[in-house]
Amino acid sequence: MKNMITGASQAETSILVLDVNEGVMEQTRRHAYVLGMLNLKKNILVLNKMDLVGYREEKFEKARAVIGPFLARLGIIPAFIVPVSAATGDNFVSRSGKMPWYAGPTLVGTLDAMEKDRDLREKPLRMPVQDVYDRDGTRIVAGRIESGTLREGDAVRIMPGEGRATVAMVLEFGAERTAAEAGECIGLVLSGDAAPRRGDVLSAVDDLPRIGTAVTANLFWMSPQKLDIGETLTLRLGTQETPCRVGEIRKRIDSSTLEVLSENARTIEETEVGEVLIMADHPLAFELFGDIPELGRFVIERANDIVAGGIITHGR
């Protein structure tokens, strides 16, 4: 689960694999819950091991009928549902003659049909600062643009502080650049007195990120050692890092059944999900996950070990 939530938090598309012979297992439900929590909009459902059920359409339809309503409760509507056999390669690259009743694309075909997200380019500029380097006396601010665009001459704010600067140069090794957009890792030379550092966020001057020390979040707990309310942990959001505590556990939820286990709880156990209030020691520049995902998702560490992942649903 830890590997899955870490990888999925950076993804645009998921492939959820279900063993059509075994049916829906607990781990499948938990993986699906994470996909729903991370609000991935483009999902592919693969029903594997069709060879073990004789490639029969009724087995495919039965498995789809079982998993479909559960996914719908999580807000997951697969763009494609593909019957395959990994052992024989059926419907991976070429359409299988053993399943003539299936008229959809192959698995590779579904990936070819997916379009890369473009809407983040239309959102306000957000660039977490990864590091600052000195090259012959010139300070180069390095980072990845998570949303929006920038070009030479643009004014930017340095959050969560009050600093302002102007983009003097846009740098990329081996290329001449005057602009950059969401998804690109770049270097910037800024003019002005402000001195960004790792953990700061460069933003558009007329559309700032949220700033605060308290956020409401959905938290997926992954450690065998339970979470206790008030325990000191470390929150990592983008390149920001700060000590934090869970001040409230409003709900505990079973990630495989979606059952609400308790309200106003004191602990969260492994593989459970909590609707929580997180209190940070230092101000955070953040967004709601539904607005700009990269500044709305985070991980929690305990003693340098990742023990939870989550998304911000409200600020305070």
Side-chain angles (χ1 to χ4, degrees), residues 1-121 182-183 220 222 253-259 271 273 289-290 293 297 309 311:
M1 287 304 304
K2 185 180 297 185
N3 291 337
M4 186 269 172
I5 198 171
T6 302
S9 67
Q10 302 297 319
E12 292 181 15
T13 301
S14 76
I15 300 175
L16 181 64
V17 182
L18 173 64
D19 184 331
V20 73
N21 190 44
E22 290 187 346
V24 181
M25 308 298 286
E26 184 173 338
Q27 188 81 332
T28 306
R29 294 179 182 272
R30 287 181 174 150
H31 284 165
Y33 190 98
V34 171
L35 296 179
M37 184 179 76
L38 294 176
N39 198 30
L40 291 183
K41 298 296 187 183
K42 298 179 293 188
N43 301 283
I44 301 165
L45 175 61
V46 171
L47 301 187
N48 189 28
K49 300 189 181 180
M50 289 298 300
D51 55 309
L52 297 184
V53 296
Y55 301 99
R56 298 200 301 275
E57 182 179 7
E58 61 268 26
K59 292 292 187 179
F60 170 79
E61 294 295 345
K62 180 179 179 181
R64 181 163 70 171
V66 172
I67 190 66
F70 180 79
L71 295 179
R73 290 175 65 189
L74 298 171
I76 299 174
I77 307 298
F80 301 97
I81 304 177
V82 188
V84 306
S85 170
T88 61
D90 287 287
N91 279 345
F92 266 69
V93 178
S94 302
R95 192 182 304 279
S96 172
K98 299 172 184 176
M99 292 175 276
W101 44 265
Y102 174 71
T106 64
L107 178 56
V108 170
T110 65
L111 295 174
D112 289 340
M114 292 292 186
E115 294 185 2
K116 186 171 178 60
D117 288 340
R118 297 183 60 87
D119 61 336
L120 285 176
R121 305 176 195 179
F220 192 101
M222 298 181 288
I253 300 171
D254 186 312
S255 62
S256 63
T257 66
L258 308 187
E259 175 189 3
T271 71
V273 175
F289 178 80
R297 57 168 64 111
I311 61 170

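Only this structure's heavy atoms are used, side chains among them; waters, hydrogens and symmetry mates stay out.
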Residues that E26 engages under salt bridge (Lys or Arg N to Asp or Glu O under 4.0 Å), provided they are two or more places apart: R30
Heavy atoms only: give me the nearest V273-S255 pair and the separation to one decimal. CG2-CB, 4.0 Å
On a heavy-atom basis, the closest approach of M222 and G309 is CE-N, 3.9 Å
What distance do S256 atom OG and M25 atom CE have between them, rounded to the nearest 0.5 Å? 11.5 Å
Counting N and O atoms only, with roles assigned by atom type, does the side chain of N91 sit under 3.5 Å from a partner on the main chain of P83, one being a donor and the other an acceptor? yes
Side chain to side chain contact (heavy atoms under 4.5 Å, CB included) involving S14 - partner list, sequence neighbours excluded: L35, L40, N43
Under the rule for side chain to side chain contact (heavy atoms under 4.5 Å, CB included), what residues qualify as partners of L111, not counting sequence neighbours? I15, I44
List in chain and number order the residues that pass side chain to side chain contact (heavy atoms under 4.5 Å, CB included) with K62, two or more places apart in sequence or in another chain; answer none if no residue qualifies. none
Identify the two heavy atoms, one from P105 and one from G109, that lie closest to each other, and give their separation to 0.1 Å. CB-C, 4.3 Å
Take R29 and T257 through the side-chain contact (heavy atoms from CB on, under 4.5 Å) test and state the conclusion after the steps. CA-CA 7 Å; R29 294 179 182 272; T257 66; 5.8 Å; no
Output for pair (T110 OG1, K42 NZ), nearest 0.5 Å, gives 12.0 Å
Can you tell if the side chain of V93 reaches within under 4.5 Å of the side chain of T106, non-hydrogen atoms only? no
Rounding to 0.5 Å, atoms CG (N48) and CG (N21) come to a distance of 10.5 Å
Which heavy-atom pair separates V84 from V46 by the least distance, and what is that distance? CG2-CG1, 3.3 Å
Return the orientation label for the Y102 and F60 ring planes: parallel under 30°, perpendicular over 60°, tilted otherwise. perpendicular
If I take atom OH from residue Y33 and atom CG from residue D254, how far apart are they, to the nearest 0.5 angstrom? 9.5 Å
Just jot down the ring-ring contact (aromatic ring centres under 6.0 Å, His included) partners of F80, sequence neighbours excluded, or say none. none
Apply side chain to side chain contact (heavy atoms under 4.5 Å, CB included) to Y55 and list each qualifying residue two or more places apart in sequence or on a separate chain. M50, D51, S85, T88, D90, K98, M99
At what distance, to the nearest 0.5 angstrom, does OG1 of T271 lie from CD1 of I253? 12.5 Å
Within-4.5 Å side-chain heavy-atom neighbours: P293 and L120: yes
State the CG-CZ distance between L71 and R64, to the nearest 0.5 angstrom. 12.0 Å
Minimal heavy-atom distance between I76 and A32, with the atoms involved, is CD1-O, 3.4 Å
Between L16 and H31, is any pair of side-chain heavy atoms under 4.5 Å apart? yes
